[in-house]
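Here the structure is laid out as C-alpha cells; the discussion comes afterwards.
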Amino acid sequence: MTVRVRYGPSPTGEPHVGNIRTALFDWLLARRFGGQFIVRIEDTDQSRAVEGAEQLILDALSWLGLDWDEGPDCHGSFAPYRQSERLPLYRAAAERLIADGHAYRCDCTSERLNALRKSQQQAKQPPGYDRYCRERQVSEAQPHVVRLAMPRDGDTIVHDYLRGDVTFQNELLDDHVLLKRDGFPTYHLASIVDDHHMQISHVIRGEEWLSSAPRHVRTYAALGWPEPIWVHIPIIRGPDKGKLSKRHGATSIREYAAQGFLPEALLNFLALLGWSKDETTTIMSRDEILAAFDLDGLGLSSAMFDIERLREMNARYIRDLEPLDFLQRGKPYLERRIERTLADADLERLVLIAPAIQERVKLMPEFADYTDFFYRDGPLDYPNAELMGRAYRNKPWAALEAVEATLQALRQVKADDWTVASLELALRDLANQRGEKPGALFTPIRVATTGKRVAPPLFETLVTLGQARTLERLNAAAERLARPDD
RNA sequence: GGCCCCAUCGUCUAGAGGCCUAGGACGCCAGCCUUUCAAGCUGGUAGCACGGGUUCGAAUCCCGUUGGGGCCA
C-alpha cells in the first residue's frame, strides 16, 4: 500500500506546536515508508479565516525541515489543495448521499433548534437534532442544510490503529450537518471527500477527533468508500494538565523560533512527545528519527509539554553545533545588539572562543551577551565595584595594584606570543608571585576587558580581543580605580 | 451531566506474564573539577493510583473503583 498522509491545517492563525507535531508524525510516516506528504488547507470556515495564515503554516513546516510533496503552493495530481476551491466536489457527494437516501435536506430554523436544545436540557435528554426533517420533503429552493441520516440503533465501530476497536452506540449520535446553509461543507464532509479523492491511506489526527470518528466511519459507508487507517494520537497538555493552549505561554512555532530555540531541537523534542525509539535514546537528528520511526512506537497517553526539557535539549543541540555554524546562527542576535552588520571575517574572529560560548548559551539570543564586548569600540559600561570583585571588595587601591601588575605582565608578552598558553602561564605566574588565588586576580581582568562578571573563559577572551585592546581596557580600568568617584 | 480515551519517578518514557529488589533521560540534591558562568564526571532522591480476580508467578491479562483528559452540551 502506498502511504499517503495529509496535514490539514485551518488557516486561522499561527501554527500551534500541537498541530505541528501531528504534521511531524504525518511527515515521518510518509518519508519513512516512501509515501507522500500532502498539505491541504482546510479553509471552509470563512468566518475564522485569517489573512496570511496559510503562509505562516507553510513557513513553520519549512523552518522545521518538513517538506511536502503536494500542497497549495505546488502542483500535484489532486489539486487544488484548498478546500474553498473544491466546493463542487463536496456538493456532488452531498447530492449523491441524498439521492441514495443516506442524507437529507433540513430547513429547521435556528429558533427551532434552540428551543429543541432547551427542552432537551430541561428533560435531561442528550442533546442532538431530533430528525424532524428526515421524513419530510424539503425543497431544494429553500435555504437548507444537508444532514447525514445516521442509523437509529446498533453500534458503529471505529478501528483505531493505536487503540483497537472503539465502539459507539448509534442512538447517541445525531444526524449531523454535512453541508451548511452557505453551501460550504463541514469538516465532517470535506475531510472525507478529500481524503478519498486524494487517496489518503492514514488519517493521523489528534485524539479530540475520536468522538466524531463514528460519524466519519458512517459517511464512508454511506458513500461506499473504503476507510483510511485511523490513527488518533494523544493530545499535548500544558503544565496544568489541560489541553495546551495560549494560556500556558508560547504555543506558536514562530514564538519558539523567536525565543532562540533551534529547529532541530524542537523537532527532536516534539517527536519524543508521544513517541519513543527505545529505552535510552533521546537525542536524535531528523534522519535518525526518520530511520527509526513507525506508528507502533506511539504511546496512548497524553504528554505534558515541559519547557524545561525543551530548553535542556536546545542547549544540548547548541553545544553540538559546528563552531562556524554556531557563529552564523548567533550572528543576527549579535548584530541586533551592537546595532551594526558584521562581515563574515569579522565574525569568524570568534572561532577560537566559540566552543566555550556554545557551552554557555542555552537560547540563541544569549549569544550576544557573550560576544558583544568584542565589538564595542568606546569605553565599557560597568560599575567600579564590579572591578573589585569579592577579593578586593571596597579596596580600590588593591584592585588598582592588581590591574597595574597585570598591565606590566601583559605588556611584556610579545605580540606573536599572544596565545592562550602563554597568557595562562603569565597570569598564573603573576597570581603566584602575588601570593593570591587566580580567581582574585582574574576577576578585575575579566570585568575590565569584558565589562561583565560572567563571561567566557579569560585567556581565550584576551586572545580573541587582541593585545592592544586588552591593554587599552586594562588601562581604562586602572584610571577608573585611581579616581574612585564612580 | 452523557459518551469516549488514558493511567510507570515532579516531567518525557522503557517495559507487550517470570530478564524488574522496575531501566534511561530531564529536573532536583550532594561531591569532584574549577579563573566567573557553564560544561563535564561521580553518587543520590523519586514511580508501577487503589481494590478484587486469572496464574505456580503480574507493572504487564480481566473486572471494578478512583483520578486525569477529550468531545458534546
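Values below: all heavy atoms of this structure, side chains included; hydrogens, waters and symmetry mates excluded. Lettering of chains follows the sequences in order, A, B, ..., and the numbering in each one begins at 1.
- Spacing between atom CD of A/Glu308 and atom C1' of B/G27 amounts to 7 Å, rounded to whole angstrom units.
- The closest side-chain donor-acceptor pair between A/Thr156 and A/Asn170 falls under 3.5 angstrom.
- A/Pro239 comes within 4.0 angstrom of no nucleic acid atom, judged by non-hydrogen atoms across all strands.
- For the C1' atoms, the distance linking B/G43 with B/G51 amounts to 38 Å, nearest Å.
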Legend entry - A/Leu64/A/Leu24 under side chain to side chain contact (heavy atoms under 4.5 Å, CB included): CA gap, chis, key distance, verdict: CA-CA 9 Å; A/Leu64 282 171; A/Leu24 170 60; over 6 Å; no

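- A/Asp160 has its CG atom 14 Å from the C1' atom of B/G70, to the nearest Å.
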Legend entry - Sequence-aligned protein contact record of nucleotides 3-16 of chain B, with B where the base is within under 4.0 Å of a protein heavy atom and S where only the sugar-phosphate is: SSSSS---SBSS--

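- Taking atom P in both B/A16 and B/U60, one finds a spacing of 12 Å when rounded to whole Å.
- Distance A/Asp320 CG to B/A39 P: 13 Å, rounded to the nearest Å.
- The residue A/Pro234 sits apart from the nucleic acid: no heavy atom pair falls under 4.0 Å.
- Across all strands shown, A/Gln121 has heavy atoms under 4.0 Å from sugar-phosphate atoms exclusively, and none from any base.
- No contact: A/Lys437 has no heavy atom under 4.0 Å from any strand.
- A/Arg337 has a carboxylate O that lies under 4.0 Å from a charged side-chain N of A/Asp369, or vice versa, which qualifies the two as a salt bridge.
- Applying the 4.0 Å criterion to OP1 and OP2 of B/G24, one finds that A/Lys277 has every side-chain N and O outside that range.
- For B/A39, the OP1/OP2 oxygens have no side-chain nitrogen or oxygen of A/Arg360 closer than 4.0 Å.
- Closest contact between the side chain of A/Glu312 and the listed nucleotides B/C26, B/G70, B/A38 involves B/C26.
- With salt bridges taken as basic N to acidic carboxylate O contacts below 4.0 Å, one links A/Asp195 and A/Arg6.
- When the C1' atom of B/C72 is taken as reference, atom CE of A/Met150 falls 14 Å away, rounded to whole Å.
- For B/C37, there is no paired nucleotide, since no Watson-Crick or G-U wobble pair has both relevant distances below 3.5 Å.
- A/Thr461 and A/Thr464 are not linked by any side-chain donor-acceptor pair at a separation below 3.5 angstrom, with hydrogens and angles left out of the test.
- Nucleotides B/G67 and B/C20, compared at atom P, are 35 Å apart to the nearest Å.
- Using Watson-Crick or G-U wobble geometry with both donor-acceptor distances under 3.5 Å, B/A73 finds no partner in any strand shown.
- Nearest-nucleotide assignment on RNA chain B puts the 5′-proximal partner with A/Phe459, out of A/Phe459 and A/Asp240.
- Stacking of A/Arg480 on the aromatic ring of A/Tyr382 is recorded, both the 6.0 Å distance cut-off and the 45° axial limit being met.
- Going from the C1' atom of B/C26 to that of B/G64 covers 36 Å, rounded to whole Å.
- Using N1 to N3 plus N6-O4 or O6-N4 for Watson-Crick, or N1-O2 and O6-N3 for G-U wobble, each under 3.5 Å, B/C61 pairs with B/G53.
- Of the nucleotides present, none pairs with B/A16 by Watson-Crick or G-U wobble criteria with both distances under 3.5 Å.
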N/O donor-acceptor pairs under 3.5 Å from side chains in residues 262-274 of chain A, not counting sequence neighbours:
residue: A/Glu264; atom: OE1; partner: A/Arg329; partner atom: NH1; Å: 3.2
residue: A/Glu264; atom: OE2; partner: A/Arg329; partner atom: NH1; Å: 3.2
residue: A/Glu264; atom: OE2; partner: A/Arg329; partner atom: NH2; Å: 2.7
residue: A/Asn268; atom: OD1; partner: A/Met284; partner atom: N; Å: 2.8
residue: A/Asn268; atom: OD1; partner: A/Tyr317; partner atom: OH; Å: 2.6
residue: A/Asn268; atom: ND2; partner: A/Thr282; partner atom: O; Å: 3.1

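- When both pairing distances are held under 3.5 Å, B/A22 makes no Watson-Crick or G-U pair with any nucleotide shown.
- A donor-acceptor pair shorter than 3.5 Å can be found between the side chains of A/Ser252 and A/Glu255.
- Residue-to-nucleotide contacts include no donor-acceptor pair under 3.5 Å from the side chain of A/Arg453 to the base of B/U36.
- One interatomic measurement links the two molecules: NZ of A/Lys118 to P of B/G1, which rounds to 23 Å at whole-angstrom precision.
- Pair assignment for B/G43: B/C29, on the basis of Watson-Crick or G-U wobble contacts that are both within less than 3.5 Å.
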When you compare the protein's N or O atoms with those of nucleotides 41-49 of chain B, which come within less than 3.5 Å of each other, and at what distance?
none

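- Side-chain contact check for A/Ser285 and A/Asp287: no donor-acceptor pair (N or O, by modelled atom type) lies under 3.5 Å.
- Here B/A25 presents its C1' atom at 14 Å from CG of A/Leu310, a figure rounded to the nearest Å.
- Pair assignment for B/A7: B/U66, on the basis of Watson-Crick or G-U wobble contacts that are both within less than 3.5 Å.
- Using a cutoff of 4.0 Å between basic side-chain nitrogens and carboxylate oxygens, A/Arg453 and A/Glu386 are scored as salt-bridged.
- Figure legend: A/Arg215 and A/Tyr187 shown without cation-pi pairing, the cationic atom not lying both under 6.0 angstrom from the six-membered ring centre and within 45 degrees of its axis.
- Closest-nucleotide positions on RNA chain B for A/Thr280 and A/Pro456 were compared, and the one nearer the 5' end corresponds to A/Thr280.
- Atom CD of A/Glu359 is separated from atom C1' of B/U36 by 14 Å (rounded to the nearest Å).
- Using a cut-off of 4.0 Å between Lys/Arg side-chain N and Asp/Glu carboxylate O, A/Asp417 and A/Lys414 are scored as not salt-bridged.
- As rounded to the nearest Å, B/C3 and B/C12 have P atoms that lie 28 Å from one another.
- A straight line from CD of A/Glu171 to P of B/G2 spans 15 Å, rounded to a whole angstrom.
- B/U45 and B/G52: their P atoms are spaced 30 Å apart (whole Å).
- B/C6 and B/G53 are spaced 25 Å apart, taking the P atom of each and rounding to whole Å.
- Of the possible polar contacts, none joining the A/Trp275 side chain to the A/Ile289 backbone as a donor-acceptor pair under 3.5 Å is found.
- Looking at heavy-atom distances under 4.0 Å, A/Lys362 makes contact with sugar-phosphate atoms alone, never a base.
- Phosphate proximity of B/G27 to A/Arg311: absent, as no side-chain N or O sits under 4.0 Å from OP1 or OP2.
- Atom P of B/C61 sits at a distance of 9 Å from the matching atom of B/G17, rounded to the whole Å.
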